[in-house]
Amino acid sequence: MPTRHWLCKSEPDVYSIDDLERDGSTGWDGVRNYQARNFMRDSMRPGDRVLFWHSNADPAGVAGVAKVAGKPRPDPSQFDRRSPYFDPGSDPDDPTWMMVDVAFVSRFREVIPLDRLRAEPALAGMLALKRGNRLSVTPVTPEEFEAVMRMSRERKRV
DNA sequence: GCCAACGTTGGC
DNA sequence: GCCAACGTTGGC
């Protein structure tokens with residue numbers, strides 16, 4: 001199990017790092033992509049660190065850090081008729097969609113915006129930054145994770 | 001709101 | 001099993 005770091009995207013209008021700080025932890029529900037599901041179901045383990053990404057936001061970028069807080073479990077929203085994530089094809093005895101719980105770790109003073117991340121040589125290979133990538137859950141290498149943490153501590157130059 | 005890029009669906 | 005049409009994501 002090589003990777004211990006992840007990047008998860010959320011639209012802050014729907015659920016932001018501030019919401020996670022307030023709630024303490026949350027079920028990462030609503031993921032309806034098989035590759036992203038497989039990462040959560042097969043590879044995420046309690047304690048793994050997660051970069052919390054704000055997408056469809058101004059600015060888009062990394063807003064803070066969370067950690068995986070539990071084992072994978074069925075995403076309850078797939079069985080909730082009133083949920084936008086309801087999946088009538090999912091069998092309760094063999095749920096299609098799995099998720100993990102994540103807990104708040106830290107909130108950056110400022111979101112590290114996409115253009116700064118793109119300008120960082122250590123992140124040149126980062127999956128989530130690749131053109132055309134739309135996966136909402138992606139693995140992050142320890143080096144990439146550390147580079148982002150370093151950037152979060154840098155004083156902003158004026 | 002636009003639209004490029006991508007995943008999924010469904011007819012054949 | 002191909003692939004065009006469609007829907008969604010997400011930066012801008």
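Residue numbers start from 1 in every chain, and the chains themselves are labelled A, B, ... in the order their sequence lines are given, proteins ahead of strands.
Listed by residue number, the members of residues 7-16 of chain A with any heavy atom below 4.0 angstrom from DNA chain B form an empty set.
One can place CG of Asp87(A) at 14 Å from C1' of dT9(B), the figure rounded to the nearest angstrom. His54(A) places its NE2 atom 17 Å from the C1' atom of dT9(C), with the value rounded to the nearest Å. Rounding to whole angstrom units, CH2 of residue Trp97(A) and C1' of dT8(B) are separated by 10 Å. The CG atom of Asp58(A) sits 13 Å away from the C1' atom of dG10(C) (whole-angstrom rounding). Between the CZ atom of Arg134(A) and the C1' atom of dC6(C) there is a distance of 12 Å, given to the nearest Å. Atom pair Tyr85(A):OH and dT8(C):C1' shows a separation of 12 Å (rounding to whole Å applied). Rounded to an integer number of Å, the gap from CG of Leu117(A) to C1' of dG11(C) is 13 Å. Between the CG atom of Leu135(A) and the C1' atom of dG7(B) there is a distance of 10 Å, rounded to whole Å.
For the OP1/OP2 pair of dG11(C) and a distance below 4.0 Å, the side-chain nitrogens and oxygens of Trp53(A) include at least one atom meeting the criterion.
Between Trp6(A) and Phe52(A), the ring center distance fails the sub-6.0 Å criterion.
Each of Gln35(A) and Asn56(A) has a nearest nucleotide on DNA chain B; the 5'-most of these lies closest to Asn56(A).
Considering Tyr34(A), Tyr85(A), Phe79(A) as possible partners of Trp97(A), the one that fulfils the ring pair (Phe, Tyr, Trp, His ring centres under 6.0 Å) test is Tyr34(A).
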Only pairs under 3.5 Å count here: list side-chain donor-acceptor contacts from residues 54-63 of chain A, not counting sequence neighbours, and write none if there are none.
residue: His54(A); atom: NE2; partner: Ile17(A); partner atom: N; Å: 3.1
residue: Asn56(A); atom: ND2; partner: Glu11(A); partner atom: OE2; Å: 2.9

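On a pure distance criterion of 3.5 Å, no polar donor-acceptor pair joins the side chain of Arg32(A) and the base of dT8(C).
Using a 4.5 Å cut-off on side-chain heavy atoms (C-beta onward), Val31(A) and Met99(A) make no contact. In this structure the side chain of Met98(A) reaches within 4.5 angstrom of the side chain of Pro74(A), judged on heavy atoms.
Using modelled atom types and a 3.5 Å distance limit, the side chains of Arg32(A) and Ser77(A) yield a donor-acceptor pair.
For the pair Glu120(A) (side chain) and Leu117(A) (backbone), a donor-acceptor distance under 3.5 Å is absent.
Which of dT8(B), dG10(C), dC12(C) sits closest to the side chain of Tyr34(A) comes down to dT8(B).
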